[in-house]
Amino acid sequence: MFEFIQNLFKTTFSIHLRPPGARDESGLLAACIKCGRCMEVCPYQSIFLAPYSQWSLYGTPLIDPLKKPCYLCMKCPEVCPTGALKPVTKEKAGMGIAGIIETTCLSYQETICNLCYRHCPLKGKAITLDEDLSPVIINEGCVGCGVCFYICPTQPRSISLKTGRK
Amino acid sequence: MSEEDWKGNIDSRKMSRRRFIKGTTAAGVALTLVGIDPNSGTFKAAFAKGASKPEKWFLSVCPYCGVGCGVEVGVASGKVVAVKGMKDHPVNKGRLCILGKNLVDILYTNDRALYPMTRRGERFNRIGWNEATDRVANQLKQTIDRYGPNSVAMYISASEYNEEYYIYNKFVKGCLGTNNLESSARLCWASGVVGLVKAFGADAPPCAYDDVEKADLFFMTGYNVYSSKPVFFRRIIKAKYRNNTKLIVVDPRNTNTADFADRHLRIKPGTDVILHNTLANILIQEKLINEREARQLTENYDAFKQHVKKFTAAMASEATGLSVTEIVETARDIGRAKAGLFLWGQGLNQSNIGTRKVTSLLNIVFITGNIGKPGAGPMAITGQTGAMGLREVGGLPHLLPGFRKVTDDKARDEIAKIWGVDPNRMDSANGKTLPAILEGIDKGQIKALWIIHSNPAATFPDSNWVRKVLSKTEFLVVQDCYHPTETSKYAHLILPGAQWSEKAGILTNSERGLNLVEQAVMPPGEAKPDLEIVMDVAKKMGFSQQFPYNNTEEIFEEYKRCCQGRPCDISGITYNRLRIDKGIQWPVPALDHQGTKRRFLDKKFPKGKLRLNLHEHQEAAEVPDKNYPILLMTGLVFGQYHSRTRTSKVPALNRAVSEAFAEINPSDARKYRLWDGEMVKVSSKRGTVTVRAKVTDSVMAGTVFLPYHFAYLAGKDKAINSLTNRAFDEFSQQPEYKACAVKIERT
Ligand code: SF4
Ligand code: SF4
Ligand code: SF4
């Protein structure tokens, strides 16, 4: 039963990120020709094309950070033929922003975890540690790639993720 | 800052939180919300999982690293349902790292070994205990009758309890009459320990964890503490921020630990001896040490002074790739420190000159007088939780209980008397180390091997060769709590052992602190505590008299007698006392003795004076060449442990590192036209792996880093140790995992 509720929530409300370097939502929808090249080139198979059920987005690239986040290898913008994804540096990927939920984060509860910090592709720029070794997101630097969100070991995750360009 | 006060720093916590909140509101960014946070959806499921409340709590210790954090194990209806850090434990004060936090998951997996099993062709068939122990007893007897006692060997892990080591020792050395009892500590801290013995004259970890708060310099070399000993590292960092302790990290990689360093020396891999000798030379030349004191402490100061003269900063700079200023300033930092704590890890140990690297570091410790005072000294924290106990009990081919040597006639007599065996039955020569045991199987000298909770097919270098050797063994018994493992595949007989929480005993941590581990639950299926299995076999071989014990406490009481008057005197310890005096540090010669926090405060050393070992640098056994131009280093990643027999079962840990990877420098990536995230082939003369490329400047150009956790169970072409080289330290026989030549190719 709980499984069911869990899955229901996951499928209905999971967050979808746009690949790095994507234009703003309307710009992307206008420019994307749904060729799927970004999906093919992603070495981590992070990208999928929106299914028919998401009719307004159908065929455009999405990333579900609960299944596979973006590791910021920056391969996909390079192959986009229309500039719907613009080639940018990692720091400008602009996919969203993460936040630590301190009430459940292990590092705030006497456990040394810091997996989010250790695995962040922009370690030090997007996330840092305070004197207690608890993680703190640097809002100016976080690009919302979803890696920390994906790997956070707590159930539910102790990281919130919002999507959208800055 | 007081020693007890290291755990909470409320002010800084508050500050960071304020900083965080301020940061959030100030974020002037427009966000498009496509989906809502799914966290709310999983919340109830999480609640459902933790539904069964623990009825009883048991004392225990985390079974992973050598720090030895105290844990409490919560049990409900015969099952472990919860684990929490022990609040009143001196080592961790309630804290754990995520390995310790997720211990419950390692117990109830579907690959636990539940019954004794015997091989029939490629398959394993279930048999009864009686048949299984009969077979072991008969086979060992036959082999010894035909080929002599030295044709059998036992290979155990260094994560067992002292009582278990004691029983294995008594059985192998006292009853079978061979000293071929080897342990996986060989792969992990052998060079470190041999280094300590060479310098101190005896195995002697002098420091206490409490020295962290007393030090004003941390010198860490080849040691990624933040990833390997997280709870201890937090204490270091707290002390660093609080007391402004200087942190110097020497590491060719930009490790997580190096992120925190005040000075990070990115040394060219393998050149540590040169660096250490040069630092010593500068310390002497610039008169940063007290020569009179150094002469008093050590037996050969003047010879040493002469020896290091040729190690000039200019020469070292060329060899190590560090700048002259970096080296000189580091020496000055060491010279200025009032109390320096020197920590090292596998970066020094796992090398063909590991012992030299360690002793050359100890030289610096000694001439600067950083010994026998609070806050100073060499701190050796082992990778496995039972490694200190292993040495005390003598679970190694050259030792007997109480740090006695097997080659010492008097020692053998003393122990034979306590054991109730004939001293003439015991072998007077050192037994075989793991490299020698495997070689011995290959050459047909060793016929029977009994492996307990260890996985050499995954962890020994050149694992393709190891697998060939294991499949050649005439009689291979694998006693483990999991099946299959890389090693159990080659067994003729599988014996289901018990693991953490399923057996009782005492663990000694890396600061000589003793802790009681209570049995919280019964082992699953027909699995049994490991020492019971060994005792069953021993009894069937006619040694009932030697093993009359009803519980582990009786074994401990007998073991205590071996330690009387020895450096590790624990006469004042009982099981009951350990329930209150957690982590009390040996020597504890009497019941009213409070334990010994720091040794050698009186500067009385085992051999009178300390020894400075004079060593030269030597290249790794295999250096990059035209065909294999890249240097491979292996190491650990946070959240995984050794060959992953346990950590691979914990879902929470495996999202972070789910597959093997190779860290490659961007310039090398460009050279080989590799993109981050692509699969890359890494091969040495011995094997090939295909792993994901992780392009990062945390490794130097011309080097790659691979995590050693992955072996055949992760995939045929994922066994990292199929690449590594079978080269060993001349003194310690520890394998060189930190250097071999490889090439990388696109797939
Ligand atoms: S940046 Fe790389 S990992 Fe991220 S979505 Fe694009 S191709 Fe995939
Ligand atoms: S990964 Fe999750 S639990 Fe771990 S420190 Fe980060 S937010 Fe906290
Ligand atoms: S630091 Fe070591 S002993 Fe402590 S919880 Fe982690 S692995 Fe266990």
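Proteins come first, then strands; the chains are lettered A, B, ... in the order of their sequence lines, and each starts at number 1.
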| query | Hey, mind stepping through A:Asp130 and B:Tyr241 against side chain to side chain donor-acceptor pair (under 3.5 Å) and telling me if it holds? | reply | CA-CA 10 Å; A:Asp130 67 12; B:Tyr241 288 145; over 6 Å; no
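Taking the charged nitrogens against the carboxylate oxygens, A:Asp132 and B:Lys238 do have a contact shorter than 4.0 Å, which makes a salt bridge.
For A:Glu78, the part sitting under 4.5 Å from any heavy atom of chain B is the side chain, from C-beta outward, and nothing else. Residue contact with chain A, scored on non-hydrogen atoms closer than 4.5 Å, is absent for B:Thr696.
Heavy atoms of other residues, nucleotides or ligands lying less than 6.0 angstrom from CD of A:Gln45 number 12 at most.
Under a 3.5 Å cut-off, the side chain of B:Arg655 and the backbone N or O of A:Cys152 do form a donor-acceptor pair.
For the side-chain hydrogen bond (donor to acceptor under 3.5 Å, both in side chains) with A:Glu110, the qualifying choice from B:Lys87, B:Lys101, B:Lys93 is B:Lys87, the only one to do so.
To the nearest 0.5 angstrom, B:Phe260 atom CZ is 5.0 Å from A:Leu129 atom CG.
Here the side chains of A:Thr111 and B:Ile98 are in contact, with some heavy-atom distance below 4.5 Å. Side-chain contact check for A:His119 versus B:Val657: some heavy-atom pair is nearer than 4.5 Å. In this structure, B:Asp259 and A:Lys123 have side chains that are in contact, with non-hydrogen atoms separated by less than 4.5 Å. In this structure, the side chains of A:Leu133 and B:Phe233 come closer than 4.5 Å at one or more pairs of heavy atoms. The shortest side-chain heavy-atom distance between B:Glu678 and A:Tyr44 does not fall under the 4.5 Å cut-off.
Of all the heavy atoms in A:Met74 and B:Trp675, the pair that sits closest is O-CZ2, 3.4 Å. Across all their heavy atoms, B:Pro230 and A:Ile112 have their closest contact at CB-CG2, 3.8 Å. The shortest non-hydrogen separation linking B:Gly677 to A:Pro43 is O-CB, 3.2 Å.
Interface check for chain A: of the options B:Lys694, B:Arg692, B:Lys240, the most heavy-atom pairs under 4.5 Å are formed by B:Arg692. Note: A:Asn114 leads A:Asn114, A:Val147, A:Thr154, A:Leu72 in heavy-atom pairs under 4.5 Å with chain B.
Cation-pi geometry between A:Arg118 and B:Tyr226 is met: the NZ or CZ atom falls under 6.0 Å from the ring centre, inside 45° of the normal.
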